[in-house]
Structure formats: C-alpha cells, structure tokens
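Each chain gets a letter, A, B and so on, in the order the sequences are listed, and its residues count up from 1. Heavy atoms only: backbone and side chains are in, while hydrogens, waters and symmetry mates are out. Keep in mind the model is a prediction, meaning the values are calculated, not measured.
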Amino acid sequence: MPRNNKLKKILVIGSGPIVIGQAAEFDYAGTQACQALKEEGYEVVLINSNPATIMTDTNMADKVYIEPITLDFVTQIIRQERPDGLLPTLGGQTGLNMAVELARAGVLERENVQLLGTQLTAIEKAEDRDLFRDLMRELEQPVPESVIVTTVEEAVVFANEIGYPIIVRPAYTLGGTGGGICADEVELRETVASGIRYSPISQCLIEKSIAGMKEVEYEVMRDANDNCIVVCNMENFDPVGVHTGDSIVVAPSQTLSDREYQMLRSASLKIIRALNIEGGCNVQFALDPFSFQYYVIEVNPRVSRSSALASKATGYPIAKMAAKIAIGYTLDEIVNPVTGQTYACFEPTLDYIVSKIPRWPFDKFISANRKLGTQMKATGEVMAIGRTFEESIHKAVRSLEIGTHRIHLKDAGELTEDVLKVRLQKPDDERMFLVAEAFRRGYKLQEIQDLTNIDWWFLDKLEGIVAFEAQLRGATILTKEQLYQAKRKGFSDRSIAEIRREGGHSTHTNEYDIRAYRLEHGLKPVYKMVDTCAAEFEATTPYYYSTYEVENEVTETDKQKVLVLGSGPIRIGQGIEFDYSTVHAVWAIQKAGYEAVIINNNPETVSTDFSTSDRLYFEPLFFEDVMNVIEQEKPIGVIVQFGGQTAINLAAPLTKAGVRILGSSLESIDAAEDRKKFEALLRELNVPQPQGSTVTSVDAAVAVAQGLGYPVLVRPSYVLGGRAMEIVYSDEELLTYMVQAVKINPEHPVLIDRYMLGKEAEVDAICDGDTVLIPGIMEHVERAGVHSGDSIAVYPPQSISQELQQKMVDITIKIARGLNVIGLVNIQFVIFQDEVYVIEVNPRSSRTVPFLSKVTNIPMANLATQAILGTKLTDLGYTEGLWPEDEYVSVKVPVFSFAKLRRVDPTLTPEMKSTGEVMGRDQHYAKALYKGLVGAGMRIPPTGSIIATVADKDKPEAIEILRGFYELGYNIIATGGTATALEEAGLRVKTVNKLSEGSPNILDLIRDGQAHFVVNTLTKGKAPERDGFRIRREAVENGVVCMTSLDTVRALLNMLETINFSSRPMPVLAKK
Amino acid sequence: MQARLLLEDGTLFTGLGFGAEGQSSGEVVFNTGITGYQEVLSDPSYCGQIVSMTYPLIGNYGITRDDFETVAPFIHGFVVRRHEPIPSNWRAQYSIDGLLKEHGIIGISEIDTRMLTRILRHHGTMKGILTTGNERVEELQERLSVTPLMRDQVARTSTKSIFTSPGERERIVLVDYGAKSGILRELTKRGCDVVVVPHDTTAEQIRRLNPDGIQLSNGPGDPKDVPHAVKMIQELLGEYPIFGICLGHQLFALACGADTAKLKFGHRGGNHPVKDLATNRCYITSQNHGYTVLEETVAGTKLEVTHINNNDRTIEGLKHAEFPAFSVQYHPEAAPGPLDNSYLFDQFLDMIRETKRNNPQKPRQAQLAASLRGELQYAQK
C-alpha cells in the first residue's frame, strides 16, 4: 500500500523528561520517526517538553514545540496547527497516555485529527488489565490467575484464596511504578494502596506469582495488510520477578528450542493481529522451564525500551519502520535500510550474542533499596555484542563503569555465607557478580540454581568463566594460546593482568604488558558487521563490533577520520544531554569533510543509530577497546569533550599511548580537575574562589574544616554529578563523611571548601583559542548547596545585575584563555556578598549545552566541534563575549524519579538526584516557570492547602513566603513549632499532629490527599527514620509536590502571584 | 582435537573437532536459523552436505527424541562457531556431540563461521572436505577434487518400502523424496490416512492405492536427478489433486514443462519473506533449497506463479491453470521455522474436497459393478 496522501501534516508527541523507565530510547525513536515522516514529505509538528533531545532540534520537524505534554497545552497546539494525523506510539507511555487523553476528551474528533498507526481500542485493550485479560481469554492465550481491584480489601480476599506470593501491577503506569511482589498481607496492603494511587484510573492487577519462570520477550511488527514479523526475541538472565528493565537480557534467546521459540512467536503474532496494531509491539512471556506451559505477562502496544534494544541488537530500525507503517506503507514495500537490497518484511537473524546490563543509580543513592522487583530502578543500560556469551557479557560489564571490568566484585569476598545466600535468593543489582563469587567459593551449580532460579545455561557459562580465571591465575607463564583463549572469552588486558596479580605472578601483571605481549603475537581483534541477516546478503551498514576471529570486515577508506567518544550508559549526572552533544559533534565533523567514527555502548541513544555516523563501533568505552578501534581506523585524533566524564577519563591513558586528543588537551583537563593546579591557575588569573584545601587524611580534614569554619563543602577530587558531595556542619558529620567518601573513592583525595550561601549561576562557552563566545548565562533559582543539575535554571538571568553578569563574562574569557580551552567549557559561579566566585570549571560539554543551544539558537556543540577542527568563530560570524539576550525567558526545571526509589530522600542537596529535565519558554518569566513546573509534572491548583514543616533556622524566611500563599487564598497547615511561629506572625493556620503526636497526623493528611504542596526543610541528621524524611517520602509516594528548598517555594509563589488575578479592596481614602 | 575444513577455493579453516572422527566431503552450505539445529541436522534435504550454522552458539538446548525430522541424519559434516557441550532444556536428552558421534558425523567448531558464510555468499556454494586427521593440505585438495558431488541423494534418503500412517479422513499418498517428518505430522494432525511410498513408485502403483490426493515431499539435490518422479507426476496430473513441497515443487514444475537451475548459494533459514501474489500478503517462511524454478521457463506452460520471494523475486509457489495441483518452494511444515504457513495443508485438503464435489463419483457399488461387467463383456467377445 502506498503512502497516505490524505495526510499533509502530522503531530508527533515525544516522551517528555527522562525518568526511570523512560529514557533516551524515546529520543531515538522520536528522531527516527520525525526523519522518516519528513523523508516522505509530510509536514511534521513535534511536541516534547524535554530540551535535551535531538528530536527537539528545529531541523527534526517543521515545527518544534518545547511545551508541557498536558491536555491543555497539546490541545492548544492542535488548535493552532490543525494537523491531519497524530502519531502517538513513539513517545513512550507519556505519548500514548496523552493520545488516550486527547481522544477521551474529544479533542481529536473535534479537531478532526486521525490517530495514526495503532488505534485507541488497541491501546485500551493492551493497557487496561480487564480488557486485556478478556482478549487473552478470547485468543486462548494463558494469563496468570488474577483479579482487577480498585480497593485494598478486594486484593486481600483474592490473595487469601490463591495464596502468597502475589504480584501487584498498577494499570497505566510507567516502569511498573507502584507495583511489587508481596510475600504477606502487610506488604500486600501497602503495595496495593500505593498502586491504586499511582494508577491514573485507580486500578491494580493482583496476580498469582509466576516468579522463577523464564522471562522471554518478542518484538513484533505489523502493517495494515496484516503482514507480521518478529524483529527479535530476548531472554532474561533473571527469571520472572525482576522487571525486564532491571534484568540482564540476552538476544536472541539461548535456552529455547525451536518448538518453544515458534510457540511463543506464534502467540505474539496472534496477539498483535488481534489488537490490530499497525506498528511495533512488545510481548512479554513467562515460560515454565519444565514444560510448554507459558503465560502472557504484558503487551506494550507501542515502541518501547525493548524495541530500542532490539533495534540496536539486530540493526533493524523499528521506530522508523513503525512511522512508515503508520502512514500507510506495508513491510514488503519498505526497503531494509541495512542491506539496501532486501525488504523490511523479513525476520532479522543474528550471528552474535547481545547482552544488556542495566545501570542502576545505587552508587549515588547509597540509602536506596537495591532489591530488584517489579518496579524498575535502573536509569540506563549498556549493550555489548560478542560471538560468545562470555565475550558479550565481559564487554557489557566493562561498559558499565562501576569500578570492575570483569565478573568480580572487590568486596564480595568479605560477605558472610548467610548474606551471600540471601543475596543470591533475593535479586539485587549485583547478583550476577555474587553468582560468580559463589562459584569462587566452590558452590555447586545446582546449589546456586536452587537459590537463584537462573537457568542452568547462564550459570554454566559463569562457572566456566570462574574456572578459566582459576586456570589463568594458576599458570606461572602466560602462554600465547592461553592469552588467545582469554581474549576469545572477552577478558580485557586489565582483567588478565589483575588475575595474574592475584596469582602472585611476576610477569604480565599490568595491562600495558599484556597489550604489548598481545600485539607482539598479532592478537588483535577483528571487526564484524551487524547486518540483520547473518551475512546472507551484502550489507553496507557501517555498524561494527569486535571479536577475536579471522576475517576483518572493516573496509578502508582514504578519507580522514575523527573519532568521537560517546558517554556510555545514562546515569544520574550523565544523561541524554551528552548524547545530544555527541550527535551534534558527529554531524559537524561530517560537514567539515571528515568521516566521523563513534564508539559508544548505550543502546538507547541517537548516537548509536548506525545512520548517525560514518562508522559506529558498538564497544565498551574502555582504554583497550578504544585503542583497538583507533588502531583500526587511524583517525587524525579523538574528541573526548562531548562524552561526559566517561570520555574525559580516557584522555589521560589515550594521551599516554600517543593518541592525539582534539580540542582542549589533557593538560587543560587536568588543570581544571586537579585541585592544586586549578587553585594555582585561578590565583594566577586573579579570579576569586571559595577558600578551601585538599586533604588526604582524616586529621587534616578536621584541621582544615575548623580553619575555614563550618559549614564546609566536602567532596572527592574527581567528581561526577556532585557524587558524594556534602555540606557538613560539624566535626562529627565530617568524620562520618570521611569514612564514606574515602571508601567511595580511595585513589583520590578529598576537597574541603568554605560553603558560601549565595546565588548560583553558570555559563557555557566556546573557545577556538582566540575568541571566547558566551551564548548565555543561566541563573539558578535554588541557592548554593543544591546541585546545579537539580536547580531550576533561568535564562536570561532575572535577578543578577549587569555588573555581576559582566564580571562572569570577564572571568569566563580569562579562564577559557588561561586553560587553553579549545571547544566547550562550563563554569559555575556563586555570587556571595556581591562578589562572583568560581566554584567549578569543566573544560567539556555540560548538561546545559542542549538547553542553552536551543534557547539562544547557537548550535554550541556544532561550533565547538568546528573550533576543535580549526575553524575560527569569527569566520563563522561570532564575536567575543556574551551573545545578545533572547527576548523570551526560558526555564529549565529538573525532574526526579523519587517515586521509583524507595528510601531515597527527596531533599535537594549538593548530590545530584534528578534524572531529567524539561523546559518552559515564554515572554514572561512567570509563564515560562509555570510551563516548566507543569511540564515537570507538578500539579498546581489555583487554590488548595500547603503543609509546612520547616527547620528553625529557616522560619523567618518561610513565614514571609507562606504569607504570600496565604494571601492568595491557600490554606496553611503546619505542625507544632511552625504553626506557632506562623500564628504569631498573624496567619490563620490549621495545626496538625507530628508523627509522635498520634493519628491523625501529618502523614495521614498527605495520604488522604488533603495537601497540594508540602514544604519541608532539612533538619539535622540524615537517618531515614527522621520525621522529615518520612514526610517527604509520603509526599513523593502520594504524588504531592514536595519542596525542600525555600527558593523553589518562593519562585512558585512569585509565579502564582503573577499569573493569577488577585483581588484587593479599594484603597480607603484618607480622611482629612 | 583439531579439525580442519578445506574449501574448493583453497580456504582452510582450522578449529576443534567434535562428534565423530575421520574425513568427509560434501557441498558446503550455510543455514541462518537461530534455533532449530536439531531439525536442520536431521532434515534429509541436507543429504551429502556439510552444513554451517550462522548462529554462533549451537547445542544450547541439546537434542531431544521429539524433534527429529528423520530417523538418522544424512549430513556430511556440521560446522559451528561454538559447540555447547552441556545443554539446558527440560526436553534435552543428549548433547549434539553425542548425536554426531552416534551417526558418524564430523563436527568442527571454533572457526570463523561468518567468514565462511561470506565466502559462500560471494563465490556460491562449493565443495569442502572436513577432517580430524593429520593429512597434508595437498592430500585433502587432491581428495576433494576427485570426489564428485552426490547425485543419488533421493534414493539414499527415501523410504525403501511403503508404509502407512492410518487416519480416518482423506487418503494421501506421500511420495518420499527424502521427506521431513513434519509433512507426515501435519497430514496426520489433520486426520489424513497417509501412505508413504518410495521415490520411484510409479503412477500405476499409486493409482492402486486409490488416493484422494498426492503429496510430493521435499528432498535433497537437483530435481533433474530424479527423472522418474517427473514422469510419474506427468501421468497423474489432473487425475488426482497434487501438492508439492520444495523438491516436490521443483519436480512438479519440471513435469509441467518448466525448467530449474541452481541458485548461487540457495535459501536456507527460517526468515525468508514470500509474497502471495493473489493477496499481496507476505509470509515468513522456512526454506532449504539450492535449486529454483526459472521464471522465464514458466511462460508457455500451464503453470501460474502464485508466490515469489520478496527479496530476490525467485519463484516460491506455482499452481496449475487447469488441474487441481499446486506447489511451494518453502516448508509449510516448518520444523524448524515459523508456523505461519501450515494453512497450505488445509488448502490442499480443501482442494481435494472441492475436486470430489465437482467430480461426484458414482456410488462405489455401481462403479464396481460397471467395471466388472465391462470386463465380463470384454471376456465374452
């Protein structure tokens, strides 16, 4: 069927901010979709609130709206734009829910907008638990015994009938938010109560637990002519019970015979046909390991995280094909872009094995519950490709950047037997490593299987790896054959060296020796192509992975090449923003006439779309793997400044190996990151900085802190996203911190700075060696002490004087020159008592580059790349200094995923906690802020109640702000001390019990939905049992806005005062 | 134990042996299926061939008695990147190594199978010799050049005698050219009364079995190596409904006057798209063939092309313009591969029923009597 010519203009809805369960994969999907639609000549209108995306670049759609994805805003855009069609299935759950909402509100019908691809009925049948079960019954597809409930009591009755454990799945939620496995009635009551709250339709599925079965997924596509194909199937390393987003996954399935494979394949096709889906769909199964019995767990009638993984795992671009299907094409007429000579109607076949390992935020959230269940907790993932499982999984492990490069955890040896057994039984993020530990301790495979329920096949592979390590460890001399075998199993040079050291050997004990030995024997990897067809057809995709075999498939070209290092998995502090810059760098390199080569390992991203660069190497961002690619490609140099700390960290070893770093040199990087050098530089440039010192011992730390005077800011020297950064107020706190921080990062000293309670601001600048261009200054709403990534940022600044702004500009120019920056630099300032201090300088692309690029209309990563390649900014029409301000105000609002991470304190601190961001843009600051807050998910009722519990030190300030709310007509609810203070200030307050004062208390109030905002500032001590913590968590878990910084509250108030009409009595005439 | 694979073009792969020891040669082909190695191993259509699997990990789920496509494999060698000695699946009864040993088949692992695939794709299928011995390469080369490719695979793989698989519905004569069990399984599943006959069964012998329809099976090699089958089909065409699969499809085409030729490297795997020209629907099919019916030779015959391969546009399905007879190049019985095409067996049975409705036979008694009387009259003359 040819394209639908009745359509002219199509609206695409994006997925909004990055949260746990919905990450960069939808930027990849949305970008592909927009490109596909534009390719076909449609006018594309895009709405997405997330500025850190490629899809919101103005060249991706004819019109880009960075506005909140809410019914009001989307309706407004539909009215304005009058699109003919709406493509809802590429924007994740957010896009899908929005489409459902628009349809239900009658907007689509009224405005005559056709839903493209999957229809509303299909969405409802797949998403509504009841309708879904009816459909499965009709199709004779087994589903676990279950019941739909809307109250806790119904759930308890059902559970008593079929017994525990019981799984709770709230309807229409993301990444299983609010769900879980319950072992008893207490857990069940708690989980169901929260599940009902999280479900937008207040519904939960209560289900018999099928935990322990094999979990298998199929990615399926269908077109309007009923052609159906399976793109890929995947098998989870972890059995059913762990959310698939939190599971280690391999593709294709490994332990399914053809019969089982085809049985589930047929079931998937039956389901996608019955749902009448036109596009992509994902079906999850539980398969009994001892029979042909299976259950359908879930169906996603849209492009998902798994489809991004499947696309990267096979080379088959699911989102692009889904977009083409939505506009009428059928699979048999769309050319397979990988081969260019076959069609999209076939099933990709793999000749390698793909491993995906999730990346969890537990390194940042030390107090978070690491146990894995039905609620997803990972922020990102890595993927690796190998020709054996061992090779693939080893590559994935060293892509994770979690401080280990093999299936070995340093501290695992210290676990007691009991703890080890429990942790094998109850899965957490380290389970695979603990399985290896158990084998090292001599556990029998059967024993481990009994504890974990992990399939024998995977355990056998891990046992084999441990056994091979033992062999390596035992061998006095490392033979060439042994080394070759180790490489075939995916061991890195560093791992081999480490194992040799463990064996107490004297030769080949560091990675450089191994490397030399390896090269001496010609043991180099070859590169194979990912081609969708196992080499059956000739392919031209420049998508490669390494392996130790015979034939190398990389074809030489005579063009000059530039290598760009990506940023690896998405984690807190290093998100999609870096992928954005990486992609722009690639484009700029190509435009400058070079071939752009990229290395990255994140399957979710646009940068790992093989059509982005000239060559994609899906490899770990690990010295050895990067060097191998460099030796293969011989680029003129490597750009490290767009790949976040991941790439920056590689600058030193690469430089040492003689590789040319393009842009700011290792020296510049080092001068900014090495505290001593940095201090010296600022002194030399005469730039003020907070007083501080570097210490390497606990005693020194105490002395320095006392010298500076508390509070002080402490952090390890090499930081990422404010990791382990804290404000401490006393010797005691400092001592506690030192124990933790030193343990977290033993190789680096700790920095102690005077903490200045002032306004923060930051700039991103581009320097070509001569000219320093500053696109803009961003002012932070929250004062120093809240991580810049967690602050609301405003461009242009609203309350910083011209004079101070000029100071920042001058300092930026001085530093950029002084550091010899070539490319991007990010500088953070604190304004304290009318003086500008520099707190941090990062000579690399920062988190704010996409935001600032968009709001200033200066393509920063592009310009930086051109500068790196030798073009002068003046030749491009740019001049030194601050670029003229935009007349619009833009606000960047952070978005958090606290609801998914139990036990994590939502208080804003110097540690970054947000997972994503949205942007609000308008002519007026208040309106821009409103859009930002609403886009970030804040519900802002024009009237309602605020619960306030504030620390004593904050009371005077808090009273003034709360008075503002009071005058706008909001009710103020407060606990004892705060209430008294407010009443003394003349406000009428409803007093509520503290936790210790019995029920009903403040928590009950929140739980009952009586509060619309919670204002809570931190009291001393951070133990979770503190009341404040419980109040904040209760708010988060009930979806109530919780503000922990008075600056945020003030900004909200000012916004409300501006956008709401207020009524005032007429002034009384003065009597004469 | 070292094993080597030498190709006709001189490429030598050195890896590890598994399965049996010794030396063996044959045509080297590759299969792109990810699952289904047991079905591939035991598919008689691979008779005399050395089969390389493109998926690197083979043996993961073992071997089970239930998934054989024939009693004993006929392949001449098995090539994998990695042979998994310890399977994991509830149905696994033994390992692939055990199976190969039992049947004297040499396996080679730890070689760059993707390189092998690319060579075959580029140069076309070629002969190869597999050895676990220490022969000099020249010796192997010599052996390879004097060993001709097999031409009698059908005779080797076909049943030697007639046997029945009783059922209560239509009687189908399944002519076994090296049939996969899957075809019999699909027919018996539908209640058919199946009589399996050897490849050289004549038209007359088949008539005596009084079939309702004739199923021509898949099988190995070049259809032109089985001229007697072509003759049989020509004689029975129009008399009984016929359904041909794979080699059976090629034989049907030859019988109707079309011609066949060898493909460069064939189609072997479970992901091949086939378009039904009547509905424009595309089906994912399981395939295993090295020959194809030539499109240009169909013109002028009574054949109509019903299906084509959506990638290389080769013929995948034919039907006769006048008689109830059709055929497909692919495997509706799957095993291994997608189950999407089993509806073709239903189509065959529908065709049989329809044929019967259109040609109502006289009641059996009357027919019998008439024929017996006729014979009497003849005798009286």
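Most heavy-atom pairs under 4.5 Å with chain B: of the set A/Ser266, A/Ala534, A/Cys533, this distinction falls to A/Ala534. The greatest number of non-hydrogen atom pairs below 4.5 Å with chain B, out of A/Cys345, A/Pro348, A/Cys228, is found for A/Cys345. Ranked by non-hydrogen atom pairs under 4.5 Å with chain B, the options A/Glu260, A/Gln341, A/Lys461 are led by A/Glu260. Interface summary for chain A: among B/Arg118, B/Arg82, B/Met115, the most heavy-atom pairs under 4.5 angstrom belong to B/Arg118. Of the listed residues (B/Lys275, B/Arg268, B/His122), the one with the most heavy-atom contacts under 4.5 Å to chain A is B/Lys275. Each of A/Asp460, A/Ile353, A/Asp455, A/Leu256 has some count of heavy-atom pairs under 4.5 Å with chain B, and the biggest count is that of A/Leu256. Considering only heavy-atom pairs separated by less than 4.5 Å from chain A, the leading option among B/Ile86, B/Thr64, B/Asp67, B/Thr117 is B/Asp67. Residue with the most contacts toward chain B among A/Trp457, A/Phe458, A/Tyr343: A/Trp457 (heavy-atom pairs, distance under 4.5 Å).
Heavy atoms closer than 4.5 Å to chain A are found in the backbone of B/Ile111, but not in its side chain. Using a 4.5 Å cut-off between heavy atoms, B/Leu339 contacts chain A through both its backbone and its side chain. At a 4.5 Å heavy-atom cutoff, the contact between B/Phe30 and chain A is made by side-chain atoms alone. In this structure, chain A has heavy atoms under 4.5 Å from both the backbone and the side chain of B/Arg114. Of the atoms belonging to B/Asp66, heavy atoms from both backbone and side chain fall under 4.5 Å from chain A. Using a 4.5 Å cut-off between heavy atoms, B/Phe265 contacts chain A through its side chain alone, with no backbone atom that close. For a residue to count as touching a neighbouring chain, one of its non-hydrogen atoms must lie under 4.5 Å from one of that chain's; by this rule A/Glu390 touches chain B with the side chain only. Contact of B/Thr285 with chain A is not made at all, since no heavy-atom distance falls under 4.5 Å. Only the side chain of A/Asp531 comes within less than 4.5 Å of a heavy atom in chain B; its backbone stays farther off.
In summary, the side chains of A/Gln141 and A/Tyr294 do present a donor paired with an acceptor at a separation below 3.5 Å, with no hydrogens or angles considered.
Between A/Tyr316 and A/Phe346, the ring planes are tilted. Angles from 30° to 60° get that label.
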Practice task
Step by step, work out the salt bridge (Lys or Arg N to Asp or Glu O under 4.0 Å) result for A/Arg488 and B/Glu110.
Solution key: CA-CA 10 Å; A/Arg488 296 261 279 187; B/Glu110 300 294 323; 2.7 Å; yes

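Annotation: cation-pi pair A/Lys528/A/Tyr545 absent, no NZ/CZ under 6.0 Å from the ring centroid and within 45° of its normal. Seen from the ring of B/Tyr283, B/Arg281 counts as a face-on cation partner, given the 6.0 Å and 45° thresholds.
Remark: B/Asn134 CG is loosely packed, at most 12 non-hydrogen atoms of other residues, nucleotides or ligands lying under 6.0 Å away.
In summary, A/Arg387 and A/Glu549 engage in a salt bridge, as defined by a charged side-chain N under 4.0 Å from a carboxylate O.
The closest side-chain heavy-atom distance from A/Glu391 to A/Lys489 is not below 4.5 Å.
How far CG of B/Asp340 is from CD1 of A/Ile229: 11.5 Å, rounded to the nearest 0.5 Å.
Centroid-to-centroid, the aromatic rings of A/Tyr218 and A/Tyr261 come within less than 6.0 Å.
Panel note: side chain A/Asn453, backbone A/Gly212; no donor-acceptor pair is recorded below 3.5 Å.
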